[in-house]
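The basis for the numbers below is simple: all heavy atoms, side chains too, and nothing from hydrogens, waters or symmetry mates.
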Amino acid sequence: MSESRLQDKFIDGSYATNPKAEILPGQHKMFNDAFNFVDGVKYPLSLAHHSIPQDGDQIGMVGCGVVPGDSFSPDSSPEEFHRHRYNGSLNYIFKDNRKLFVPDKRGRSYMTSLNFRDENEFRETVSKLSADFGHRALHVLDAGCGQGLAFRDLLTLDEIDVEKSVGFSLPTRDRRRKLNLRLLYADVMHCGMKRRFDMVFSVHGAFRYHPTNLYSQKNIAMLSILQSIDLTQEGGLLLNDVINFAMPKLFEMGILEYSESSVSRVLRHPTVDEVMELMVR
């Protein structure tokens with residue numbers, strides 16, 4: 001399928017979501033190097049922990065009814081879920097001009113959204129994390145990075161490994177704007193853990209708009225945070241601009257280090273049994 005035709009299918013919400021058909025031409029290696037493909041609409045628990053197999057009635061287990069989704073059907077997709085949630089329009093999500101340090105017209109940047117006092121505090125956090133990992137360059141995931149402006153800025157930092165870092169977004173709905181092929185275009189509902197990152201960002205991004213945040217699970221937004229934890233190294237950092245109701249339980253269990261800020265350290269990964277306890281009604 002051609003790039004333009006596939007982009008049209010993303011816009012229409014009618015593409016066939018499977019590893020061969022969903023990923024844009026030339027991006028299969030980029031996806032496969034970072035993620036395992038998961039049908040997260042049909043098997044959401046398999047997103048929360050990489051060891052949970054894709055079988056059984058996982059939707060029923062988390063207390064959700066019928067959900068618009070792909071399950072490898074060419075006639076529907078996770079896009080329909082997002083479109084329904086946002087009253088038919090997705091364009092504004094992809095027009096976020098937020099950068100790493102330089103504020104946009106609304107005074108927003110990654111730094112301010114994550115409540116860092118100034119640029120130096122952010123740089124110190126990155127430098128300290130690099131030191132924690134033996135002063136090596138950090139592997140960074142920017143989940144739901146829009147146009148990728150802040151992700152591009154992140155890659156200029158000396159402590160960031162450009163080759164091992166990934167920024168992913170859904171393809172732009174603005175037909176006038178060309179796709180930025182430096183970014184990976186993929187849906188978070190398909191991004192299962194293959195390798196882990198040292199820092200995972202979701203600033204007004206994929207985990208904030210995660211479809212499972214509306215599921216009637218035990219703990220609101222728990223699955224999206226568990227997925228982000230599964231993608232993060234132990235000792236690594238989650239940087240999330242959303243106040244998440246799942247966090248206190250994860251602090252209590254010693255999975256995340258307690259934090260009053262938007263930055264949380266992953267102390268350990270939960271077991272499969274713990275994921276089931278947290279998620280299944």
Side-chain angles (χ1 to χ4, degrees), residues 92-162 164-169 182-183 188 196-210 213 221 224-251 254-268:
Y92 77 95
I93 296 178
F94 304 96
K95 294 183 178 178
D96 191 349
N97 293 315
R98 214 169 305 204
K99 296 185 178 181
L100 184 59
F101 298 125
V102 180
D104 63 12
K105 292 180 180 179
R106 297 183 181 180
R108 304 173 306 174
S109 67
Y110 263 34
M111 184 187 68
T112 55
S113 295
L114 292 166
N115 298 316
F116 284 97
R117 291 189 299 269
D118 53 36
E119 180 177 332
N120 286 334
E121 184 184 20
F122 179 87
R123 288 183 178 274
E124 287 170 4
T125 298
V126 173
S127 180
K128 183 179 183 305
L129 184 62
S130 175
D132 291 343
F133 286 109
H135 294 281
R136 65 165 172 78
L138 300 170
H139 306 170
V140 174
L141 172 65
D142 193 349
C145 61
Q147 298 176 43
L149 300 182
F151 179 66
R152 182 185 61 192
D153 292 342
L154 277 168
L155 297 184
T156 66
L157 301 182
D158 292 339
E159 295 89 351
I160 305 301
D161 188 326
V162 175
K164 294 292 186 180
S165 295
V166 176
F168 77 78
S169 181
R182 293 184 59 215
L183 303 179
V188 69
R196 290 188 164 115
F197 298 85
D198 306 315
M199 299 178 71
V200 172
F201 288 81
S202 185
V203 179
H204 210 74
F207 295 115
R208 178 171 186 168
Y209 295 111
H210 206 286
N213 290 347
S224 64
I225 290 298
L226 288 175
Q227 183 182 7
S228 66
I229 290 171
D230 204 36
L231 292 168
T232 308
Q233 295 276 13
E234 288 189 357
L237 297 180
L238 292 178
L239 296 94
N240 192 324
D241 66 336
V242 181
I243 297 175
N244 197 298
F245 296 103
M247 294 296 199
K249 184 66 175 178
L250 297 173
F251 296 149
I255 293 169
L256 294 180
E257 184 177 60
Y258 176 73
S259 173
E260 293 182 350
S261 71
S262 301
V263 181
S264 299
R265 186 178 302 275
V266 175
L267 297 178
R268 66 177 182 87

- line: Scanning both residues in full, the closest heavy-atom pair of Phe207 with Ser224 reads CD2-O, 3.3 Å
- request: Look at the side chain of Arg265 and the backbone N and O of Gly235, then say whether any donor-acceptor pair between them is shorter than 3.5 Å.
  value: yes
Taking every non-hydrogen atom, the tightest pair across Met247 and Ile225: CE-CD1, 4.1 Å
task: Take Thr125 and Phe116 through the side chain to side chain contact (heavy atoms under 4.5 Å, CB included) test and state the conclusion after the steps.
output: CA-CA 10 Å; Thr125 298; Phe116 284 97; 3.4 Å; yes
query: For the residue pair Cys145 and Gly167, what are the closest heavy atoms and their distance?
result: SG-C, 3.7 Å
task: Kindly say whether Val140 contributes a backbone atom to a donor-acceptor pair with the side chain of Ser165 at under 3.5 angstrom?
output: yes
- request: Identify the heavy atoms of Val126 and Glu159 that sit nearest to each other, and give their distance.
  value: CG1-CB, 3.7 Å
query: So do Phe168 and Leu141 actually touch side chain to side chain, heavy atoms under 4.5 Å?
result: yes
Can you list, pair by pair, the side-chain donor-acceptor contacts under 3.5 Å of residues 148-157, counting residues two or more places apart and other chains?
from	atom 1	to	atom 2	distance (Å)
Asp153	OD2	Leu100	N	3.2
Thr156	OG1	Asp153	O	2.5

query: Under a 4.5 Å cut-off applied to non-hydrogen side-chain atoms, are Val203 and Arg98 in contact?
result: yes
message: Measuring centre to centre across the rings, with the benzene-like ring taken for any Trp, is Tyr110 within less than 6.0 Å of Phe122?
response: no
message: My understanding is that only residues two or more places apart in sequence, or in another chain, count here; which of them pass salt bridge (Lys or Arg N to Asp or Glu O under 4.0 Å) with Arg136?
response: Asp198
statement: With sequence neighbours left out, the residues meeting salt bridge (Lys or Arg N to Asp or Glu O under 4.0 Å) with Asp161 are none
field: Gap separating the CG atom of Asp132 from the CG atom of Leu237, nearest 0.5 angstrom
entry: 8.0 Å
query: Is there a side-chain contact between Leu256 and Leu238 (heavy atoms, below 4.5 Å)?
result: yes
message: Would you compute the distance between atom CD of Glu234 and atom CD1 of Ile255 and round it to the nearest 0.5 angstrom?
response: 10.5 Å
message: Test of understanding: with salt bridge (Lys or Arg N to Asp or Glu O under 4.0 Å), list the residues that count as partners of Glu119, not counting sequence neighbours.
response: Arg123
task: Return the minimal non-hydrogen interatomic distance between Phe101 and Met111, and the atom names on each side.
output: CD2-SD, 4.0 Å
Heavy-atom neighbours of Arg182 CZ exceed 12 at 6.0 Å: no
field: Residue pair Val188, Gln227: steps toward the side chain to side chain contact (heavy atoms under 4.5 Å, CB included) verdict
entry: CA-CA 9 Å; Val188 69; Gln227 183 182 7; 3.8 Å; yes
Point-to-point distance, once rounded to the nearest 0.5 Å, from OG1 of Thr112 to NZ of Lys99: 13.5 Å
query: Do you know the tightest heavy-atom contact between Ser113 and Ser262?
result: O-OG, 4.2 Å
- prompt: Which residue pairs satisfy the ring-ring contact (aromatic ring centres under 6.0 Å, His included) criterion with at least one member in residues 124-145, sequence neighbours excluded?
  reply: none
task: Would you kindly say whether Ser130 and Ser127 are connected by a side-chain donor-acceptor distance under 3.5 Å?
output: no
- request: I would like to know whether Leu250 and Ile229 meet side chain to side chain contact (heavy atoms under 4.5 Å, CB included); could you show each step before the answer?
  value: CA-CA 10 Å; Leu250 297 173; Ile229 290 171; 3.8 Å; yes
Chi angles and distances behind the side chain to side chain contact (heavy atoms under 4.5 Å, CB included) call for Leu239, Met199: CA-CA 7 Å; Leu239 296 94; Met199 299 178 71; 3.6 Å; yes
query: Does Thr232 use its side chain to pair, donor to acceptor, with the backbone of Phe197 at less than 3.5 Å?
result: no
field: Arg117: salt bridge (Lys or Arg N to Asp or Glu O under 4.0 Å) partners, not counting sequence neighbours
entry: Glu121
- prompt: Are any non-hydrogen side-chain atoms of Leu231 and Arg196 less than 4.5 angstrom apart?
  reply: no
